[in-house]
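Per chain, numbering begins at 1; letters A, B, ... match sequence-line order. Side chains are part of it too, since the values below use all heavy atoms of this structure and drop only hydrogens, waters and symmetry mates. From a predicted model like this one, the values you see are computed outputs, not experimental measurements.
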Number of protein chains: 2
Amino acid sequence: MRKQRHQAYTCCPLEAALDVMGSKWKATILFRLLDGTRRFNELRRLMPNVTQRMLTLQLRELEADGMILRKVFAEVPPKVEYSLSDLGRTLEPLLRELYQWGQTHIQRKQPEASPEPASSSIEKKILRSSN
Amino acid sequence: MRKQRHQAYTCCPLEAALDVMGSKWKATILFRLLDGTRRFNELRRLMPNVTQRMLTLQLRELEADGMILRKVFAEVPPKVEYSLSDLGRTLEPLLRELYQWGQTHIQRKQPEASPEPASSSIEKKILRSSN
DNA sequence: CGGTATCCGGTGCGATACTG
DNA sequence: CAGTATCGCACCGGATACCG
């Protein structure tokens with residue numbers, strides 16, 4: 001029996017939606033799969049910051065939630081292809097809007113000093129890069 | 001100096017967007033504030049599962065990110081009002097779509113047995129309730 | 001190639017108590 | 001009313017090693 005995924009559910013659709021794609025990597029994985037089918041190491045190359053372990057774990061959760069499909073080819077060397085399921089596809093507009101929102105509201109901070117002091121500190125969050 | 005919020009940033013707008021509202025409680029808080037200004041304990045009552053500590057912490061982060069406004073009244077007893085900032089308002093369509101997606105695709109499982117075995121395990125996630 | 005297994009540190013977060 | 005302070009542990013997630 002698998003443990004109940006994260007913490008707990010209050011019953012709110014919002015939380016359910018976020019549980020399914022709200023984590024950094026799940027969203028990114030789904031986003032990358034919008035372009036089409038990807039193999040495991042393709043995804044790794046597309047997302048250099050995620051460890052193999054985490055990529056595997058997140059893919060398994062997405063699969064268990066029915067968001068993606070995992071197709072294993074009985075070959076040597078092994079070959080596994082990941083793609084969005086129909087359910088996963090329904091997230092497409094949401095993912096694109098999320099991406100768009102990030103682009104619009106969290107534009108990369110320029111090296112030059114801002115004209116005005118900037119109303120929020122969001123920009124800073126973009127600065128720290130991959131470890 | 002405050003620590004750089006979560007883990008790290010790869011530079012992806014998706015992650016930035018999720019960092020700002022991607023956590024269960026941040027999203028819920030923002031969603032609640034769509035209806036209008038709320039006092040601290042009003043929010044607590046609206047979200048019985050979040051502890052006082054977490055509510056405070058999440059509100060502070062949202063404030064630091066410029067998503068919400070915190071207005072303190074110099075009265076006894078104290079009174080603090082939270083509301084969405086202009087930036088926070090820009091998330092409204094996204095939040096509503098997220099909510100809608102949850103409603104559409106993760107309908108509450110009925111006590112009755114499903115006609116077909118159900119293609120995914122998402123429904124289970126809605127079952128475990130607040131601790 | 002596409003994973004598991006194991007170890008282990010950091011921190012997210014709840015519980016509880018105290019405060020202006 | 002609207003918070004801080006402190007404790008404690010679960011678990012998230014990185015590093016590394018091994019496997020079919």
Side-chain angles (χ1 to χ4, degrees), chain A residues 2-10 15 18-19 22-29 32-33 37-64 68-83 128-131, chain B residues 2-10 15 18-19 22-29 32-33 37-64 68-83 128-131:
Chain A
R2 131 184 245 185
K3 57 179 291 194
Q4 53 281 31
R5 190 107 39 203
H6 295 149
Q7 297 81 337
Y9 268 100
T10 35
E15 301 173 12
L18 284 172
D19 184 64
S23 88
K24 181 164 115 182
W25 284 318
K26 281 185 186 174
T28 307
I29 291 169
R32 297 257 106 118
L33 288 180
T37 295
R38 296 280 180 211
R39 296 181 59 175
F40 186 82
N41 277 350
E42 277 187 285
L43 283 172
R44 282 192 77 183
R45 255 169 270 120
L46 289 169
M47 308 165 57
N49 303 312
V50 63
T51 59
Q52 186 177 37
R53 170 189 154 84
M54 286 317 296
L55 184 53
T56 302
L57 288 175
Q58 301 292 298
L59 284 169
R60 289 292 131 83
E61 286 199 12
L62 286 168
E63 186 193 4
I68 65 173
L69 302 174
R70 179 168 179 269
K71 185 170 183 184
V72 183
F73 295 81
E75 305 176 355
V76 179
K79 174 176 168 183
V80 180
E81 283 186 350
Y82 294 93
S83 59
R128 261 218 75 211
S129 194
S130 48
N131 28 355
Chain B
R2 131 186 246 184
K3 58 179 291 194
Q4 51 280 33
R5 191 104 39 200
H6 296 149
Q7 297 82 336
Y9 268 101
T10 35
E15 301 173 12
L18 285 171
D19 185 63
S23 88
K24 181 165 115 181
W25 284 318
K26 281 185 185 174
T28 307
I29 291 169
R32 292 298 179 187
L33 289 179
T37 294
R38 296 280 179 210
R39 297 182 59 174
F40 185 82
N41 277 351
E42 277 187 285
L43 284 172
R44 282 193 78 184
R45 255 169 270 121
L46 289 169
M47 308 165 57
N49 304 311
V50 62
T51 60
Q52 185 176 37
R53 170 189 154 83
M54 286 317 296
L55 185 52
T56 301
L57 288 175
Q58 302 293 297
L59 284 168
R60 289 290 133 81
E61 286 198 13
L62 286 168
E63 187 192 3
I68 65 173
L69 302 174
R70 180 169 178 267
K71 186 169 182 184
V72 183
F73 295 82
E75 306 175 353
V76 179
K79 174 177 169 183
V80 180
E81 283 186 351
Y82 294 93
S83 59
R128 260 217 78 212
S129 193
S130 49
N131 30 355

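Taking atom CD on B:E61 and atom P on C:dT11, their separation rounds to 13 Å, with Å as the unit. Atom CZ of B:R38 is separated from atom C1' of D:dG3 by 20 Å (rounded to the nearest Å). As rounded to whole Å, 6 Å separates atom P of C:dC13 from atom CH2 of B:W25. Atom-to-atom, CZ of A:R70 to C1' of C:dC1 comes out at 12 Å; the value is rounded to the nearest Å. The distance between atom CD of B:E81 and atom C1' of D:dA2, rounded to the nearest whole Å, is 13 Å. The distance from atom NZ of B:K79 to atom C1' of D:dG3 is 17 Å, rounded to the nearest whole Å. The nearest whole Å value for the distance from the CE atom in B:M54 to the P atom in D:dT4 is 13 Å. Across the protein-nucleic acid pair, B:L59 atom CG and D:dT4 atom C1' stand 14 Å apart, rounded to whole Å.
Taking only side-chain nitrogens and oxygens, A:R44 never comes nearer than 4.0 Å to OP1 or OP2 of C:dG2. Taking 4.0 angstrom as the limit, B:R60 places a side-chain polar atom (N or O) nearer than this to OP1 or OP2 of D:dT4. A close approach under 4.0 Å does not occur between any side-chain nitrogen or oxygen of A:T56 and OP1 or OP2 of C:dG3. Between B:R39 and D:dG3 there is no side-chain polar atom (N or O) within less than 4.0 angstrom of OP1 or OP2. Checking the phosphate oxygens (OP1, OP2) of D:dG8, no side-chain nitrogen or oxygen of B:R53 falls inside 4.0 Å.
Heavy atoms of B:E75 sit nowhere under 4.0 angstrom from any nucleic acid atom. Within the nucleic acid shown, A:Y82 comes within 4.0 Å of sugar-phosphate atoms alone, with no base atom in reach, counting heavy atoms only.
Candidate nucleotides C:dC1, C:dC13, D:dG3 were compared by shortest atom distance to the side chain of B:F40, and D:dG3 ranks first. Side-chain atoms of B:T51 lie closest to C:dG14 of the nucleotides C:dG14, D:dC1, C:dA17.
Between B:E42 and A:L57, it is B:E42 whose nearest contact on DNA chain D lies nearer the 5' terminus.
Each of A:R38, A:R39, A:R70 was scored for a side chain to side chain donor-acceptor pair (under 3.5 Å) with A:Y82, with one residue passing: A:R70. Partner of B:R60 under the side-chain contact (heavy atoms from CB on, under 4.5 Å) criterion, out of B:L62, B:L57, B:T56: B:T56 alone.
The NZ atom of A:K79 lies 13.0 Å from the CG atom of A:N41; values are rounded to the nearest 0.5 Å. Rounded to the nearest 0.5 Å, atoms CD (A:E81) and OG1 (A:T37) are 5.5 Å apart. B:L43 contributes atom CG, which lies 12.0 Å from atom CD of B:Q52 (distance to the nearest 0.5 angstrom).
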